[in-house]
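Read through the structure below, which is laid out as structure tokens, and then see the notes.
Numbered from 1 within each chain, the chains take letters A, B, ... in sequence-line order.
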Amino acid sequence: MDNKKLADRLFPKVHMTPEELEAKFPPRKLPEGAKVTRFAPSPTGFVHFGGMYQVMIGERLAHLSGGIFYLRIEDTDSKREVSDAARRLIQTLRDYGINFDEGADIGEDGTICDKGEYGPYRQSLRANIYHVYAKKLVSEGKAYPVFTSDEELEAVLAADKKEENKTKDWESEAEKQRLETLKNRNFTLDTVEKELAAGHKFVLRILADGDPNKKTIFDDLVKGRLEIPENDEDFVLLKSDGIPTYHFAHAVDDHLMRTTHVIRGEEWLPSIAKHIMLFRYLGFRMPKYIHTAQIMRLDENGNRKKLSKRDLGANMDDYDEKGYPRESVTEYLMTLINSNFEEWRAQNPSKLYTEFPFSIKKMSVSGCLFDYDKLMDVSKNTIARMSARQVYDRLLSWTKKYDTEFYILLNDNEQYAIDILSIGRGGKKPRKDFGTWSEVRNNISFFYDTLFTPDYEYLKNADKQTVLSVLSEYPTLYDERDDQNEWFTKLKSLASKLGYAPEMKEYKENPENFKGSVADIAMILRVAVTGRQQSPDTFEVIRIMGREKLTKRVALAQKSLF
RNA sequence: GCCUCCAUAGUCUAGCGGUUAGGACGCCGCCCUCUCACGGCGGAAUCAGGGGUUCGAGUCCCCUUGGGGGUACCA
């Protein structure tokens with residue numbers, strides 16, 4: 001068999017040589033140790049939490065080392081492609097502030113374009129490049145065509161469909177046999193000519209020379225040293241439409257784009273033997289690999305399952321709608337990626353996460369469970385670290401999108417809103433009232449008359465005479481010039497006058513001497529003013545509301561008693 | 001079935017041959033306190049099981065078990 005001739009027959013239109021491609025995409029001129037990483041999603045949906053996990057790793061690795069982080073769209077499967085998915089993917093990544101140095105991008109006109117010298121960055125646009133290497137492999141006898149008639153092709157596609165329906169059963173020997181017959185290493189140039197002349201399509205398969213009884217050593221940067229059996233499967237390089245499979249595209253692209261570190265999910269681990277073989281056949285040096293553990297969820301039987309598309313928390317676009325600040329999610333991601341991040345964060349509350357000394361060594365080997373409680377905690381801390389101004393701005397843009405009524409209130413009186421959001425903010429131990437923007441409304445609604453839905457149950461159940469006395473006397477007692485101490489002293493004296501203990505200690509020691517304590521008096525005031533039994537410091541609340549609103553609220557409470 | 005990865009409390013983890021097994025989230029209690037939040041203190045809860053190796057094992061090796069992933073002309 002003349003492989004050279006076969007290659008020419010199979011790829012008559014390919015005239016470029018691998019050497020020319022090498023010259024066109026030369027090794028990058030980067031400082032020693034600079035890493036080139038990439039995010040390479042297929043445009044079949046939204047950015048997944050697990051994908052984002054990989055994005056963060058790739059981005060940090062590249063930019064911490066002075067390297068390049070690029071975006072490649074792996075659109076080799078037209079059947080599964082979702083229209084507009086690529087654009088939305090890019091937009092989501094932008095929303096999260098992820099900075100790509102090169103790769104697919106959204107242009108001025110809203111369509112996808114390429115940015116950078118190592119493109120095209122969409123695999124569907126790289127067919128001619130793959131074919132150069134396909135031809136080379138054929139001419140060296142390392143790959144061969146397998147022709148399928150239309151009927152056979154149909155059978156294959158039907159089998160595919162069956163698999164999609166999850167009736168996959170690999171114990172079926174017949175199924176295996178059927179696939180076996182589809183590949184045929186023994187053929188002549190004549191038969192190839194005949195098939196081509198008949199217009200039959202072919203897939204290009206690799207001619208595997210591996211022995212599965214032998215093991216290859218593979219060093220993964222997080223998983224460590226692995227032993228995997230050599231590949232003996234003549235896997236498909238080029239599908240019948242001439243588009244490469246993942247394996248082939250991976251080898252060609254990551255070589256030509258000069259990727260130094262491949263970060264991908266551990267579902268690729270079993271394919272490593274294939275990739276080792278491919279890189280060897282092609283004469284490429286292998287990049288380093290980081291196979292990341294998957295993010296899991298619990299199924300109804302209590303088993304862990306990969307967090308998949310439909311699961312809560314999977315879609316990176318959903319967090320905004322739920323009100324999580326984007327940086328809360330990235331912070332949470334960082335805590336999952338490097339376990340010492342939290343400690344660092346505690347010591348460096350005002351630094352950007354990009355200043356964190358991220359390390360591959362600190363990455364987890366096993367898959368973790370997505371934990372909403374933890375995300376909420378991280379988010380509360382994240383918001384607590386913001387200034388009132390920041391919180392206001394962020395809240396404003398969030399409500400503009402999701403809660404117009406609240407937005408108008410916030411927007412109408414900016415200073416009032418900032419004053420409210422300033423309560424307990426700043427200092428060493430800030431309040432952690434909200435983890436999401438969506439919680440804010442309910443939390444501070446009592447400050448706004450139109451949102452005020454008081455619950456006076458407490459007042460109705462308390463000693464009526466006391467309540468009336470507090471409500472009628474307090475407004476005359478109040479002086480906006482008082483500081484917190486003076487304010488509280490006045491409250492204590494009122495308590496005392498009404499037969500309530502001014503000091504908690506006093507009350508606790510001799511409860512029988514009093515009708516109650518200053519706490520009861522304070523609660524009456526709180527409920528009257530806020531319409532609820534739980535609120536931030538009443539002094540602060542009244543100070544921000546001002547005398548006018550105080551008077552109104554007290555009057556409203558009084559009215560409710562009759 | 002075969003291949004492969006993983007295994008410290010409910011969750012995320014520290015540990016890298018000698019530790020009272022450390023921290024965070026969640027949970028419970030107490031304190032602080034005008035309530036809540038914050039904070040402080042304390043508590044319940046962990047080395048999957050079994051064999052080795054070693055003076056000594058959470059840590060190294062093997063087996064078992066459990067769980068994940070893969071086994072496509074999908075990525």
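Listed candidates were B:A75, B:C25, B:A37. Nearest to the side chain of A:K432 is B:A37. Of the candidate nucleotides B:C36, B:U4, B:G69, B:U4 has the atom nearest to the side chain of A:I228. Comparing atom distances between the A:E342 side chain and each of B:C34, B:G68, B:A24 picks out B:A24 as nearest. Of the candidate nucleotides B:C5, B:A75, B:C34, B:C5 has the atom lying nearest to any side-chain atom of A:K223. Looking at the side chain of A:E267, the nearest of the listed nucleotides B:C74, B:G69, B:C34 is B:G69. Side-chain proximity of A:K79 to B:C74, B:U4, B:C5: nearest is B:C74.
At whole-Å resolution of the value, CD in A:Q123 and C1' in B:C74 are 12 Å apart. Distance CG (A:L369) to C1' (B:A24): 16 Å, rounded to an integer number of Å. Rounded to an integer number of Å, the gap from CG of A:N231 to P of B:G70 is 17 Å. One can place CG of A:D377 at 13 Å from C1' of B:C38, the figure rounded to the nearest angstrom. Atom pair A:L298:CG and B:G10:C1' shows a separation of 9 Å (rounding to whole Å applied). Rounded to an integer number of Å, the gap from A:F235 CZ to B:C74 P is 13 Å. Regarding A:E439, its CD atom lies at a distance of 13 Å from the P atom of B:A37, rounded to whole Å.
Exactly one of A:Y353, A:Y324, A:F370 qualifies for a ring pair (Phe, Tyr, Trp, His ring centres under 6.0 Å) with A:Y332. That residue is A:F370.
Using C1' as the reference atom, B:U46 and B:C12 are 13 Å apart when rounded to the nearest Å. The gap from the C1' atom of B:C6 to that of B:G58 amounts to 16 Å, rounded to the nearest Å. With both ends at atom P, the span from B:U54 to B:C61 equals 16 Å, rounded to whole Å. Atom name C1', nucleotides B:C31 and B:U65: the rounded distance is 46 Å, in whole Å. As rounded to the nearest Å, B:G68 and B:U8 have P atoms that lie 15 Å from one another. Rounded to a whole angstrom, the distance from the C1' atom of B:G66 to that of B:C30 is 40 Å. Between the P atoms of B:A24 and B:G43, the separation comes to 13 Å (whole Å). For B:U19 and B:C38, the P atoms lie 37 Å apart once the distance is rounded to whole Å.
Counting any heavy atom pair closer than 4.0 Å across all strands shown, A:S364 reaches sugar-phosphate atoms only and no base atom. A:S339 comes within contact range of the sugar-phosphate backbone alone, with a heavy-atom separation under 4.0 Å but no base atom that close. Across all strands, A:M296 comes closer than 4.0 Å only to sugar-phosphate atoms, never to a base (heavy-atom distances). Nucleic acid contact class of A:T76 (heavy atoms, under 4.0 Å, all strands): sugar-phosphate only. Using a 4.0 Å heavy-atom distance criterion, A:K428 is classed as making no nucleic acid contact. When heavy atoms are screened at a 4.0 angstrom cut-off, A:F370 is found touching no nucleic acid atom at all. Nucleic acid contact class of A:K305 (heavy atoms, under 4.0 Å, all strands): sugar-phosphate only. Heavy atoms of A:K215 sit under 4.0 angstrom from primed sugar atoms or phosphate atoms, though from no base atom.
In this model, the phosphate group of B:G69 is not approached by any side-chain N or O of A:R304 to a distance below 4.0 Å at OP1 or OP2. Look at A:T245 and you won't find any side-chain N or O under 4.0 angstrom from OP1 or OP2 of B:A75. For B:C36, neither phosphate oxygen OP1 nor OP2 lies less than 4.0 angstrom from any side-chain nitrogen or oxygen of A:R532. For the pair A:K374 and B:G26, the criterion of a side-chain N or O lying under 4.0 Å from OP1 or OP2 is not met. Using a 4.0 Å cut-off, no side-chain N or O of A:K380 falls inside it from OP1 or OP2 of B:A37. Remark: A:S366 is not in phosphate contact with B:A7, judged by side-chain N or O atoms under 4.0 Å from OP1 or OP2. Contact between the side-chain N/O atoms of A:K490 and the OP1/OP2 oxygens of B:C34 is not found at any separation under 4.0 Å. The side chain of A:K274 contributes no N or O atom lying less than 4.0 Å from OP1 or OP2 of B:C3.
Under 3.5 Å, the side chains of A:T436 and A:Y319 contain no donor-acceptor pair of N or O atoms.
A donor N or O paired with an acceptor N or O is found under 3.5 Å between the base of B:C36 and the side-chain atoms of A:R431. Between the side chain of A:S240 and the base of B:C73 there is at least one donor-acceptor pair of N/O atoms closer than 3.5 Å.
Salt-bridge check for A:R72 with A:E74: passed, with a basic side-chain N closer than 4.0 Å to an acidic carboxylate O. Comment: A:D520 does not engage A:K515 in a salt bridge, judged by the lack of any side-chain N to carboxylate O separation of less than 4.0 angstrom.
A:H275 and A:Y246 have tilted rings, their planes meeting at an angle from 30° to 60° on a 0 to 90° scale.
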(Q) If you apply the rule salt bridge (Lys or Arg N to Asp or Glu O under 4.0 Å), what do you find for A:E540 with A:R543, and how did you get there? (A) CA-CA 5 Å; A:E540 284 287 310; A:R543 186 183 61 76; 3.0 Å; yes
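The backbone N or O of A:L477 lies less than 3.5 Å from a partner atom in the side chain of A:K490, making a donor-acceptor pair.
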